[in-house]
Amino acid sequence: VRKGFDIFGIVVLAWVAALGGGILRDILIDRGPPVAFTNHAYLPIVLAVAIIVSVVRGVELGPRGQGVIRVLDATAVGAFAVVAADRAHAAGFTIPACLFLGVIGGTGGLLMRDILVADTPEIFRRGELNGIAALAAAAAFIALIEAGVARPVPSVVGILVGFTLRLVALHFDLRAPAPRR
């Protein structure tokens, strides 16, 4: 909406942002077609949200609305990272590969969205910690799985780790170390 795209552009970007990380994950795991292409609920949900966003364009959300969006964003980063790490682990991938796929699952859609609109990807911007939050979520999940902790504890802990790190980073504008210029 901020870029002035029409409804088709908005829907395509919404679809890429929402499902791109999972599609990349499934292609890399190579266990059949990506879930985004086989689950009939995904496209209607993305379409509905894209249309709602288009309709409420220009409506000021205020601090409470922005807070809700931040909570949903933080939850998504943690949850998508854990799901991706879980699918990679179930497919027999190495721990580093599970962590990499966790980051891809948690941030790949945003990365693809930003590339399509020629922006610096959000996961590389200072003060966002998207990638680090996804990595932490995947790492917590994999560590607990490898330690033999029964489900659903690893999933819940992983999601909470990613969620908490992302929210804290946004609230306090935390920044990852960067080289001096």
Side-chain angles (χ1 to χ4, degrees), residues 11-50 69-117 119-125 128-170 176:
V11 169
V12 168
L13 286 177
W15 188 81
V16 167
L19 306 175
I23 291 169
L24 287 174
R25 171 205 68 211
D26 290 345
I27 289 169
L28 291 170
I29 291 175
D30 194 27
R31 295 278 175 142
V35 175
F37 298 142
T38 60
N39 186 316
H40 299 290
Y42 284 18
L43 183 58
I45 290 169
V46 172
L47 183 62
V49 171
I69 288 176
R70 285 182 171 199
V71 166
L72 291 172
D73 170 67
T75 303
V77 168
F80 292 157
V82 166
V83 167
D86 187 21
R87 288 182 59 99
H89 188 267
F93 281 58
T94 64
I95 290 173
C98 291
L99 298 177
F100 173 75
L101 284 164
V103 173
I104 292 292
T107 63
L110 297 176
L111 177 68
M112 292 169 59
R113 176 205 64 196
D114 291 343
I115 289 169
L116 286 173
V117 298
D119 281 344
T120 299
E122 186 174 296
I123 68 167
F124 301 142
R125 292 183 209 147
E128 295 291 337
L129 295 190
N130 267 330
I132 293 172
L135 178 61
F141 170 79
I142 292 295
L144 292 172
I145 288 292
E146 288 291 313
V149 176
R151 292 175 188 266
V153 173
S155 297
V156 171
V157 170
I159 292 168
L160 285 174
V161 165
F163 169 82
T164 302
L165 183 55
R166 177 80 171 120
L167 271 189
V168 168
L170 288 170

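Predicted, not measured: the structure shown is a model, and the values here were computed from it.
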Is Leu170 close to Asp73 at the side-chain level, that is, under 4.5 Å between some pair of heavy atoms?
yes
Heavy-atom nearest pair, Pro121 first then Ile115, reads CG-CG1, 4.3 Å
So CE of Met112 and CG of Leu24: to nearest 0.5 Å the spacing works out to 5.0 Å
Sorted by chain and residue number, the side chain to side chain contact (heavy atoms under 4.5 Å, CB included) partners of Ala18 (sequence neighbours excluded) come out as Val46
Side chain to side chain contact (heavy atoms under 4.5 Å, CB included) filter on Leu99, not counting sequence neighbours, yields Ile95, Leu135, Ala138, Ala139, Ile142
Check: Is there a side-chain contact between Phe141 and Ile159, using heavy atoms and a 4.5 Å cut-off?
Finding: no
Shortest non-hydrogen pair, Ala169 vs Leu129, comes out as CB-CD1, 3.4 Å
Applied to residues 71-96, the ring pair (Phe, Tyr, Trp, His ring centres under 6.0 Å) test, sequence neighbours excluded, yields none
Salt bridge (charged side-chain N to carboxylate O under 4.0 Å, His left out) pairs touching residues 32-44, sequence neighbours excluded, are none
Note to self: I'd like to know if the side chain of Thr38 reaches the main chain of Val35, judged simply by a donor and an acceptor atom lying under 3.5 Å from each other, with no hydrogens or angles considered.
What the structure shows: yes
Applied to residues 15-30, the salt bridge (charged side-chain N to carboxylate O under 4.0 Å, His left out) test, sequence neighbours excluded, yields Asp26-Arg87
Shortest non-hydrogen pair, Leu101 vs Ala88, comes out as CD1-CB, 3.6 Å
Taken to the nearest 0.5 Å, the spacing of Leu111 CG from Leu116 CG works out to 9.5 Å
Residue pairs meeting salt bridge (charged side-chain N to carboxylate O under 4.0 Å, His left out), one or both in residues 90-107, sequence neighbours left out, come to none
Residues passing the side chain to side chain contact (heavy atoms under 4.5 Å, CB included) test with Val149, sequence neighbours excluded, are Leu144, Ala147, Val153, Pro154
Closest heavy-atom pair, Ala134 versus Val77, reported as atoms and distance to 0.1 Å, is N-CG1, 3.8 Å
The complete set of salt bridge (charged side-chain N to carboxylate O under 4.0 Å, His left out) pairs with one or both residues in residues 142-161, sequence neighbours excluded, reads Asp86-Arg151
With sequence neighbours left out, the residues meeting side chain to side chain contact (heavy atoms under 4.5 Å, CB included) with Val117 are Lys3, Phe5, Leu13, Asp119
Requested in this report: Decide if atom CZ of Phe163 counts as having more than 12 heavy atoms of other residues, nucleotides or ligands within a radius under 6.0 Å.
Outcome: yes
For residues 15-48, the ring pair (Phe, Tyr, Trp, His ring centres under 6.0 Å) pairs (sequence neighbours left out) are Trp15-Phe37
Contacts of Glu122 meeting salt bridge (charged side-chain N to carboxylate O under 4.0 Å, His left out) (sequence neighbours excluded), chain-then-number -> Arg113, Arg166
Taken to the nearest 0.5 Å, the spacing of Asp114 CG from Ile123 CD1 works out to 8.5 Å
The ring-ring contact (aromatic ring centres under 6.0 Å, His included) partners of Phe124 (sequence neighbours excluded) come to none
In terms of heavy-atom contacts, Ala133 and Leu165 come closest through CA-CD2, 3.6 Å
When rounded to the nearest 0.5 Å, the distance separating OG of Ser155 from CD1 of Ile145 is 6.5 Å
Between Gly158 and Val82, the two heavy atoms sitting closest are C-CG2, 3.6 Å
